[in-house]
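Report on the following structure.
Quantities reported herein were computed from a predicted structural model and do not represent experimental measurements. These numbers come from the heavy atoms of this one structure, side chains and all, not from hydrogens, waters or symmetry mates.
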Amino acid sequence: MTVYSLCMYLKTIRARDNYDTTISYAVPDNFNELYLGFSFPAGTFEVWYDYDLVSRAHVPNGLHKWWRFCYVQDMKEKMFTLYWNDRIFNGTITTPEKIRGGGIFILGQDQDDMNGGFSVSQSFGGLIGDFRLYDRDISKEEAMDFIGCSLSNQKTGILIDFSDISSHWTLEGSVYAKDVLLTDICKENTGLLVMFPEPRLFEDSVALCSNLDGSIYAPATPEENRNILEYVSSYVSDCKDGSGNVIHLGVRGDKETESYYYYNNGSQIGYHNLSSQNFIDGFHCMGYLMTTGNDGKWYQSRCEVDQLCTLCHFNDISHLKVRGLCADSLFESTFLLRRTADGKPKFQGFYYSLLQWLDYTWEMTYLLDRNINATMIATRPNQYPLGRHDWIVRGDLCSLEVESYLPLVFTLCKNGEFTCDDGSCVNIGQRCDSLFDCPDLSDELDCRLVKFPDSYAPELPPQQTDRSAVIVGVTTNITAIRTFSLLELMIAFDTVVSFRWKDARLTFSNLKENIEMNLIGKDTKLWHPEVFYEEGSGSKVDTIERITQIYAQRDALPLPDSYIRLKEDEQYKGGENDLVEIRTLTVKSNCLFDLSMYPFDVQVCQLLIRSALGARSVQLNTTGVNYV
């Protein structure tokens, strides 16, 4: 062929960390005569010939979503066109001149040999809803018909398709054929319903849905009400209470108006399926009935008493992040919330990890070797993995031991948020601000402002990058004159001396804009400038230290977040943010006054601040003396 077109419907269920191979066509002297696949981490659609990249396009992608596309490659005109859902990509190509016949054509697995050299990391894990390969360039109208699910009747030029899978295709490995509705492929995303089959109070159900980035569900149409009936029917034995209710609905009643409102937005309900129109005092919530003759009816319930199961609605697939694993861990850092037919939901990794409920707790498994797993240490029954929990990890690369204990945080919090130990989210600015914001108060735990490396030596001053002396800025504010004696040639005054320097050995956490909130204190582990005071003749002066405080000042942006860290603490480089020590002193100093012209004179009383380590290690730079 010197020109070809192909059209497909694809839904990726589990991506590959190498390439998601869609098409692999091999001939005896070229195992990549035609290769079409996706680099999921990079978000690219790619076509290869031999070891040459033919075309590439950055396309929107995601798991558990149908993607509809057509690709046209004209090797005579050296052009390609990709129709991807509602987007069109065009470009030029340099190779090949043609695609040769007589080879082996495989969907879903790359060939590194003729019909062999297979690898899991170069396979496709998902659904192919339709497939058509043409030996001509299809028109834009034909491509848009296919993508818009108005399938064209034009059949000319089709070389390969799914019209007779049993005769035209050989299914090998974990591959099966089944029917899929075109309406399922082409319908707009209406979100995802997920059942949590543990009885709980209404407010606890609301909190669970919210913590998972969803909302408690209430049907708004008869069709949506029927969809609930089909889904929750397998959970009746686990969820039904004495009244016959199975799940909480996201509806609340108002006693004064005797009306019902959607809990999520406060608007009055338009559709309902109430079993009784009578408003019962004290029954301000709504349950979903599963009793003979009343399946799918709505029945009033008591918000603070009745415990029912939870049905959450998600506009998009929730991405659960894992914090605290090492960089070499075989487990993934992102899991997708997925519903099951009759049990607790599961959390699926992008590639080779699975988090699911097994018997009594949650287990995270590396699917390529199930001996590599981690078990959550539950502290109460039916506990979900959200938030911080201790895990027993077996066989992972983060530890040399066969089995180790490791704290992990599973979170749905977004950038700029902090994950409380219970899984709820607060603004990162509320972390370690001396105010409790998390429901479990965990935002004020482990608030260490300074992190010291193991090699830190507090007796040694920091160095510049060129190994020169650390520069310490000194600002002196004289706040009061206590004593001035001409007869004794003496002066005593109060002063506030500020020292400012940087220490690249340190890392700061959760610095606030207000420096007073970044109090470190006079920590013995922290190096700070040792100085002494002398008057102009070189004699020492008497000083009384009233109070000394050390702060960190936020001068730079925080470091990028890393999921290796257990918490989302904002971290700052010590070499980019100042340490500030403020000493409040009373100084008593002799002054050698020359009174020969008194009182028609100006006297100078000199006070010197010197580093105890000398100029080789510490350079003191005055930034001003102020009498305030």
Is it the case that the side chain of [X] and the backbone of [Y] share a donor-acceptor pair, with hydrogens and angles ignored and the cut-off at 3.5 Å?
{"X": "Ser318", "Y": "Leu212", "value": "yes"}
{"X": "Thr495", "Y": "Asn477", "value": "yes"}
{"X": "Asn514", "Y": "Glu516", "value": "yes"}
{"X": "Asn373", "Y": "Thr365", "value": "no"}
{"X": "Thr12", "Y": "Ala15", "value": "no"}
{"X": "Asp503", "Y": "Gly574", "value": "no"}
{"X": "Thr340", "Y": "Lys344", "value": "yes"}
{"X": "Arg323", "Y": "Ser562", "value": "yes"}
{"X": "Arg370", "Y": "Leu368", "value": "no"}
{"X": "His389", "Y": "Gly387", "value": "no"}

Counting neighbours of [atom1] on [X] that are heavy atoms of other residues, nucleotides or ligands and sit closer than 6.0 Å, is the number greater than 12?
{"X": "Tyr405", "atom1": "OH", "value": "no"}
{"X": "Arg565", "atom1": "CZ", "value": "yes"}
{"X": "Glu459", "atom1": "CD", "value": "yes"}

Without hydrogens or angle criteria, can the side chains of [X] and [Y] be said to hold a donor-acceptor pair below 3.5 Å?
{"X": "Gln430", "Y": "Asp437", "answer": "yes"}
{"X": "Arg394", "Y": "Thr375", "answer": "yes"}
{"X": "Arg500", "Y": "Gln553", "answer": "yes"}
{"X": "Glu46", "Y": "Tyr19", "answer": "yes"}
{"X": "Tyr366", "Y": "Asp396", "answer": "no"}
{"X": "Asn415", "Y": "Glu417", "answer": "no"}
{"X": "Thr623", "Y": "Thr475", "answer": "yes"}
{"X": "Glu332", "Y": "Thr334", "answer": "no"}
{"X": "Thr548", "Y": "Glu581", "answer": "no"}
{"X": "Asn577", "Y": "Arg554", "answer": "no"}

Would you call [X] and [Y] a salt bridge, taking side-chain N to carboxylate O under 4.0 Å as the test?
{"X": "Arg431", "Y": "Asp569", "answer": "yes"}
{"X": "Glu535", "Y": "Lys540", "answer": "no"}
{"X": "Arg583", "Y": "Glu545", "answer": "no"}
{"X": "Lys567", "Y": "Asp421", "answer": "yes"}

Strictly under 6.0 Å, is that where the ring centroids of [X] and [Y] end up?
{"X": "Tyr384", "Y": "Trp357", "value": "no"}
{"X": "Phe350", "Y": "Phe40", "value": "yes"}
{"X": "Tyr456", "Y": "Trp527", "value": "no"}

Starting at [atom1] of [X], measure out to [atom2] of [Y] and round the result to the nearest 0.5 Å.
{"X": "Leu325", "Y": "Ile564", "atom1": "CG", "atom2": "CD1", "answer": "9.5 Å"}
{"X": "Leu208", "Y": "Leu386", "atom1": "CG", "atom2": "CG", "answer": "7.5 Å"}
{"X": "His313", "Y": "Ser215", "atom1": "NE2", "atom2": "OG", "answer": "6.5 Å"}
{"X": "Lys512", "Y": "Leu449", "atom1": "NZ", "atom2": "CG", "answer": "9.5 Å"}
{"X": "Tyr551", "Y": "Leu511", "atom1": "OH", "atom2": "CG", "answer": "14.0 Å"}

Can you confirm whether [X] sits close enough to [Y] that some side-chain heavy atom of one is under 4.5 Å from a side-chain heavy atom of the other?
{"X": "Cys591", "Y": "Phe484", "result": "no"}
{"X": "Cys432", "Y": "Asp443", "result": "no"}
{"X": "Val587", "Y": "Ile478", "result": "no"}
{"X": "Phe347", "Y": "Leu354", "result": "no"}
{"X": "Pro529", "Y": "Trp501", "result": "yes"}
{"X": "His528", "Y": "Leu579", "result": "no"}
{"X": "Lys588", "Y": "Val541", "result": "no"}
{"X": "Met517", "Y": "Asp433", "result": "yes"}

With Pro558, the side-chain contact (heavy atoms from CB on, under 4.5 Å) member among Glu576, Glu570, Lys573: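 With Pro558 as partner, side-chain contact (heavy atoms from CB on, under 4.5 Å) holds for just one option, Glu570.
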
Derivation of the side chain to side chain donor-acceptor pair (under 3.5 Å) call for Glu401 and Ser399: CA-CA 5 Å; Glu401 300 179 7; Ser399 174; 4.7 Å; no

Row check, Phe410 ring normal vs Lys321 NZ/CZ: under 6.0 Å, within 45°: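 That pair does not qualify as a cation-pi contact.
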
Arg16 to Tyr351, cation-pi by 6.0 Å centre distance and 45° axis angle: no

Results of salt bridge (charged side-chain N to carboxylate O under 4.0 Å, His left out) for Lys65 - residues two or more places apart only: Asp316

Shortest non-hydrogen contact from Ile216 toward Asn264: O-ND2, 2.8 Å

Derivation and outcome, side chain to side chain donor-acceptor pair (under 3.5 Å), residues Arg546 and Thr586: CA-CA 7 Å; Arg546 303 293 181 180; Thr586 296; 3.0 Å; yes

Aromatic plane relationship, His248 with Phe202 - under 30° parallel, 30 to 60° tilted, over 60° perpendicular: perpendicular

Cysteine SG atoms at Cys420 and Cys425 closer than 2.5 Å: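 Judged by the SG atoms alone, which are 2.5 Å or more apart, Cys425 and Cys420 are not bridged.
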
Residues Tyr352, Asp17; criterion side chain to side chain donor-acceptor pair (under 3.5 Å); working and verdict: CA-CA 9 Å; Tyr352 310 118; Asp17 56 351; 3.0 Å; yes

Criterion side chain to side chain donor-acceptor pair (under 3.5 Å) on Thr419 and Glu568, from CA distance to verdict: CA-CA 7 Å; Thr419 306; Glu568 296 98 332; 2.4 Å; yes

Asp422/Arg388 under salt bridge (Lys or Arg N to Asp or Glu O under 4.0 Å): CA gap, chis, key distance, verdict: CA-CA 7 Å; Asp422 65 357; Arg388 177 174 177 166; over 6 Å; no

